[in-house]
Amino acid sequence: MIRMLIPLGVFLALVALLVASLQTGDERKVVQSPLVGKPVPQFSLPGLHDPDTITSRADLLGEPFILNVWGSWCWACRVEHPFVERLGREAPIDLIGFNWKDEREDALEWIGRFGDAWDRHVVDFKGKVAIDLGVYGAPETFLVDHEGIIRHKHVGPIDATVFADLMQRIMELEAQAQ
Amino acid sequence: MSCQLSVVSKWALVLALVPLLALGSAIEPYDFDSEVQRQRFKSLAEQLRCTVCQNQSLADSDAPLASDLRDEVFRMLQEGRSDQEIRNFMVERYGDYVLFRPPVAGHTILLWGGPVALLLIGLVAAVIVIRKRRTAL
């Protein structure tokens, strides 16, 4: 009798495994970036308000900063915007907007409508630098330490939980930079 | 007028849409140096996953990022880089995830070895059951 139950046991174990994987389905959709722990790639990109100002990697080193990838075409960027504004106000480090595959007019109009939460922007209309950064969907948020090492990456809109997590990490980065 | 299409016109509609299937593959008119290069491009684009639209390859996807990545693949082919170098370029930025065929490594051993292990367990179980039945006869 007990031996008859073996197939049932195997079957139930399989069901348990599949149900467990269903729970983590959303997590697996997020592509883990191999760039966490690596330096921010070299770049030099123009500004959004000031197309003639070029910002390069070297300009940003020395202090930790947040790099927030957004675009006026990106619906989820509107969703996260209140939290981006809070980051701009409450985080003690620079918040850099990385305007991705956008058009200057559209981006400026978006900012006019929803507010400019960032300390400054760099624009990557062609998306070349975004590829080096492993960006695959806006919004994405990178935390970079004072040595230019990517310490954390969040993919998807920032909500209250993510905001709290980011603030905690930012405080740690600040403490290390001192 | 009736809104229902006759069976014949339904099929005619389906057949009329067939040529559109050919448009599904999103290979831009790149200016390839040779047929060999074109084949390499096609093969690479099929091996690489479009990370935005996760179950499509770069070759299949119309997403703007996929198009940017195809441009990169083409640029690297023009520069004379090897297939392996091009795959590495993608893996360095997007991780093993971009490869439809993940490498055999410590953390993927279950993925690659799992089916073989299950097959072996099944075979052993089958042999045991068959032997028992024989001796029971």
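Lettering of chains follows the sequences in order, A, B, ..., and the numbering in each one begins at 1.
Identified by a heavy-atom distance below 4.5 Å to chain A, the contributing residues of residues 78-93 of chain B are B:Phe89, B:Val91, B:Glu92, B:Arg93, in residue-number order.
Considering all non-hydrogen atoms of both residues, B:Asp68 and A:Lys101 come closest at OD2-NZ, 2.7 Å. The shortest non-hydrogen separation linking A:Pro34 to B:Gly95 is CG-N, 3.2 Å.
Taken to the nearest 0.5 Å, the CD1 atom of A:Ile131 stands 8.0 Å off from the CG atom of B:Asp71. B:Leu69 contributes atom CG, which lies 13.0 Å from atom OH of A:Tyr136 (distance to the nearest 0.5 angstrom).
Residue-environment remark: CD (A:Glu103) stays at or below the threshold of 12 foreign heavy atoms within 6.0 Å. Counting non-hydrogen atoms of neighbouring residues, nucleotides and ligands closer than 6.0 angstrom, the CD atom of B:Gln39 exceeds 12 such neighbours. For A:Leu17, the CG atom counts as densely surrounded, since its 6.0 Å shell holds more than 12 non-hydrogen atoms of other residues, nucleotides or ligands.
Linking Ile, Leu, Val, Met, Phe, Trp and Tyr whenever their side-chain heavy atoms come within less than 4.5 Å puts B:Leu44 and B:Tyr30 in one cluster. Under the 4.5 Å side-chain heavy-atom criterion for Ile, Leu, Val, Met, Phe, Trp and Tyr, A:Phe142 and A:Met167 are members of distinct hydrophobic clusters. The hydrophobic cluster containing B:Phe41 also contains B:Leu58, counting ILVMFWY residues as joined when their side-chain heavy atoms lie under 4.5 angstrom apart, directly or transitively. In the hydrophobic clustering of ILVMFWY residues, with side-chain heavy atoms under 4.5 Å counting as a link, A:Val15 and A:Leu8 come out together. Under the 4.5 Å side-chain contact rule for hydrophobic residues, A:Ile150 and A:Leu61 do not share a cluster.
Neither the backbone nor the side chain of A:Lys38 comes within contact range of chain B; no heavy atoms are under 4.5 Å apart.
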